[in-house]
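Worksheet for the structure shown next.
No experiment lies behind these values; they were computed from the predicted model shown. What's counted below: heavy atoms across the whole structure, side chains too, no hydrogens, waters or symmetry copies. FYI, the numbering just counts along the sequence from 1.
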Amino acid sequence: MFDDDDDDSTSEEFILELLNRYNSSVDTGKNAFFSEDELGCLCDYFLEIQDLEQEDAVVEMGRHMYPESNFFILRQANLLLDKEWVDEADNLMKQVRDTGEQDPEIFRVYGRIHLLRGEWEKAEAFLRTTLELSGNSDLLTMGILAGIYNTMGRYPEAL
């Protein structure tokens, strides 16, 4: 699951403590305080175990606690796209704040939106920007691009 290394935020012990706090909060109906990073770790955990319902609940909590955070907007947009609710995700993306930094995740979400709409060239452009911003090391984006190239019959590029 998570490696137990020098980063305390990914240790199994840390995740278990977060899960206990989160479950206690849900069970009692009382809102516990979680930092933005702690909620992000919970999102990652629920995504890893493929409990998208719980991930969505944590994202909603994060949107409530940190309404100005792009992180939770992007997470929610991705969850909507997983359900193929493209228009809802596109509308949600209008809430993303311009921080002056180019966040690869913003471009990936727009790439997925255009992909699901069948707009291959637009999707490719956004996903290529994602790769450029991530130093061409984003395996998820590479996989999505390979699928686009395969669909478009551009097999050498897909490989």
Residue pairs fulfilling salt bridge (charged side-chain N to carboxylate O under 4.0 Å, His left out) with at least one residue in residues 118-129, sequence neighbours excluded: Glu124-Arg128, Glu124-Arg154
How long is the gap from CD on Glu17 to CG on Leu19, to the nearest 0.5 Å? 9.5 Å
Side chain to side chain contact (heavy atoms under 4.5 Å, CB included) filter on Ala32, not counting sequence neighbours, yields Ser25, Phe34
Side chain to side chain contact (heavy atoms under 4.5 Å, CB included) between Met93 and Leu74, intermediate numbers included: CA-CA 7 Å; Met93 289 299 291; Leu74 294 169; 3.5 Å; yes
Under 3.5 Å donor-acceptor, Asp90 side chain and Val86 backbone: no
Out of curiosity, does Met142 fall in the hydrophobic cluster containing Tyr149 (side-chain heavy atoms, cut-off under 4.5 Å, transitive links)? yes
Do you know the tightest heavy-atom contact between Asn150 and Ala158? N-CB, 3.9 Å
Interatomic spacing from SG in Cys43 to CZ in Phe72 - rounded to 0.5 Å: 5.5 Å
Under the rule for ring-ring contact (aromatic ring centres under 6.0 Å, His included), what residues qualify as partners of Tyr22, not counting sequence neighbours? Phe46
What's the spacing between Ile144 CD1 and Thr130 OG1 if we round to 0.5 Å? 8.0 Å
Between Glu53 and Asp51, is the side chain to side chain contact (heavy atoms under 4.5 Å, CB included) condition met? List the steps. CA-CA 5 Å; Glu53 186 176 313; Asp51 188 340; 3.8 Å; yes
The ring-ring contact (aromatic ring centres under 6.0 Å, His included) partners of Tyr110 (sequence neighbours excluded) come to Phe126
May I have all residue pairs that pass salt bridge (charged side-chain N to carboxylate O under 4.0 Å, His left out) and include part of residues 26-42, sequence neighbours excluded? Arg21-Glu38
Mind checking salt bridge (Lys or Arg N to Asp or Glu O under 4.0 Å) for Asp82 and listing every partner two or more places apart, or none if nothing turns up? Arg112
Rounded at 0.5 Å granularity, tell me how far CD1 in Ile113 sits from CH2 in Trp85. 15.0 Å
With a 4.5 Å cut-off on side-chain heavy-atom distances among I, L, V, M, F, W and Y, is there a chain of contacts connecting Leu42 to Phe33? yes
Report the distance from atom OH of Tyr66 to atom CG of Leu39, rounding to the nearest 0.5 Å. 6.5 Å
Same cluster for Val96 and Leu81 if Ile/Leu/Val/Met/Phe/Trp/Tyr side chains link at under 4.5 Å? yes
Asn91: which residues meet the side chain to side chain donor-acceptor pair (under 3.5 Å) condition with it, sequence neighbours left out? Lys94
Which pair of non-hydrogen atoms, one from Pro104 and one from Ser134, has the smallest distance, and what is that distance? CG-N, 4.4 Å
Would you please name every residue forming a side chain to side chain donor-acceptor pair (under 3.5 Å) with Thr141, sequence neighbours left out? Arg108, Asp138
If every non-hydrogen atom of Leu92 is compared with every non-hydrogen atom of Leu80, which pair is closest and at what distance? CD2-CD1, 4.0 Å
What's the spacing between Ser35 OG and Met65 CE if we round to 0.5 Å? 8.5 Å
Applying salt bridge (charged side-chain N to carboxylate O under 4.0 Å, His left out) as the test, list every pair that has at least one member in residues 61-81; sequence neighbours left out. Asp44-Arg75, Glu55-Arg75, Glu68-Arg97
Going by side chain to side chain contact (heavy atoms under 4.5 Å, CB included), name the residues that satisfy it together with Trp120, two or more places apart in sequence or in a different chain. Leu115, Ile148, Thr151, Met152
Can you see which heavy atom on Ile73 is nearest to which on Gln95, and at what distance? CD1-O, 3.5 Å
Does Ile49 belong to the same Ile/Leu/Val/Met/Phe/Trp/Tyr cluster as Phe14, with side-chain heavy atoms less than 4.5 Å apart forming each link? yes
Excluding sequence neighbours, so at least two apart, what forms salt bridge (Lys or Arg N to Asp or Glu O under 4.0 Å) with Asp87? Arg117
Spell out, yes or no, whether Tyr155 and Leu145 are grouped together once hydrophobic residues are joined by side-chain heavy atoms under 4.5 Å, including indirect joins. no
Restricting to side chain to side chain donor-acceptor pair (under 3.5 Å), what partner residues turn up for Glu60, sequence neighbours left out? Gln76
